[in-house]
Amino acid sequence: QVQLVESGGGLVQAGGSLRLSCAASGTIFSINAMGWYRQAPGKSRELVAIVTSGGSTNYADSVKGRFTISRDTAKKTVYLQMNSLEPEDTAVYYCSADLRTGVLRPTYTYWGQGTQVTVSS
């Protein structure tokens with residue numbers, strides 16, 4: 001019964017900023033990684049950013065220097081600070097969490113419902 005709840009999406013003008021949040025709740029034993037994916041119209045889903053339990057981060061080349069991923073371990077929450085937004089950033093953004101629900105349970109990837117980010121020019 002893991003649930004990922006996203007917030008912070010919306011419509012902004014080019015050059016603006018948004019901060020996405022995603023909180024994992026339910027039966028969670030441990031979280032290996034949390035991240036953000038996006039799918040723009042006419043394009044395939046792509047990894048935006050990911051942060052592991054050890055603190056390592058990875059970013060898509062298209063967002064490096066503009067987006068920052070962070071997490072609050074105690075809150076089981078991941079954030080995506082998006083600055084200098086461009087129309088090309090317009091997409092549905094999906095939160096993901098790679099986690100275990102018990103010590104004897106395997107690791108699965110869970111997904112949020114997706115949140116729309118629209119950047120106007």
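Quick caveat: nothing in here was measured; it's all calculated off a predicted structure. Numbers for residues simply follow the sequence, beginning at 1.
Of the possible polar contacts, one joining the Arg71 side chain to the Ser53 backbone as a donor-acceptor pair under 3.5 Å is found. At least one donor-acceptor pair closer than 3.5 Å links the side chain of Arg100 to the backbone N or O of Arg105.
Using a 4.5 Å cut-off between side-chain heavy atoms of Ile, Leu, Val, Met, Phe, Trp and Tyr, with links allowed through other members, Tyr79 and Ile28 fall into different hydrophobic clusters. Each of Tyr94 and Leu18 belongs to its own hydrophobic cluster when Ile, Leu, Val, Met, Phe, Trp and Tyr are linked at side-chain heavy-atom distances under 4.5 angstrom. In the hydrophobic cluster analysis, where Ile, Leu, Val, Met, Phe, Trp and Tyr join through side-chain heavy atoms closer than 4.5 angstrom, Ile69 is grouped together with Phe67. Side-chain heavy atoms closer than 4.5 Å link hydrophobic residues (I, L, V, M, F, W, Y) into clusters, and following such links, possibly through other members, connects Val63 to Val51. One hydrophobic cluster, built from ILVMFWY side chains closer than 4.5 Å, holds both Leu4 and Val48.
The two residues Leu20 and Trp36 come nearest to each other via the heavy atoms CB-CH2, 3.6 Å. Listed here is the closest heavy atom pair of Leu80 and Ala49: CD1-CB, 4.1 Å. For the pair Cys95 and Val78, the tightest heavy-atom approach, listed with the atom from each and the gap, is SG-CG1, 3.9 Å. Taking all atoms of both residues into account, the shortest heavy-atom contact from Asp89 to Ser84 is OD2-O, 4.4 Å. Closest non-hydrogen pair, Met34 versus Ala24, comes out as CE-CB, 4.2 Å. The two atoms that bring Val12 and Ser17 nearest to each other are CG1-O, 3.9 Å, heavy atoms only.
Proximity of Arg38 to Thr90: side-chain heavy atoms (C-beta onward) are nowhere separated by under 4.5 Å. Residues Val2 and Tyr108 have side chains not in contact (no heavy-atom distance under 4.5 Å, counting atoms from C-beta outward). Between Lys76 and Ser25 the shortest side-chain heavy-atom distance does not fall below 4.5 Å. Two residues are said to be in side-chain contact when any heavy atoms from C-beta on lie closer than 4.5 Å; Met82 and Val119 fail this criterion.
Glu6 CD to Gln116 CD: the interatomic distance, rounded to the nearest 0.5 Å, is 11.5 Å. Here the CD1-OH distance, from Ile50 to Tyr59, works out to 11.5 Å after rounding to the nearest 0.5 Å. Remark: Gln1 CD to Thr101 OG1 distance equals 10.5 Å, nearest 0.5 Å. A distance of 9.5 Å separates OG of Ser121 from CD of Gln13, quoted to the nearest 0.5 Å.
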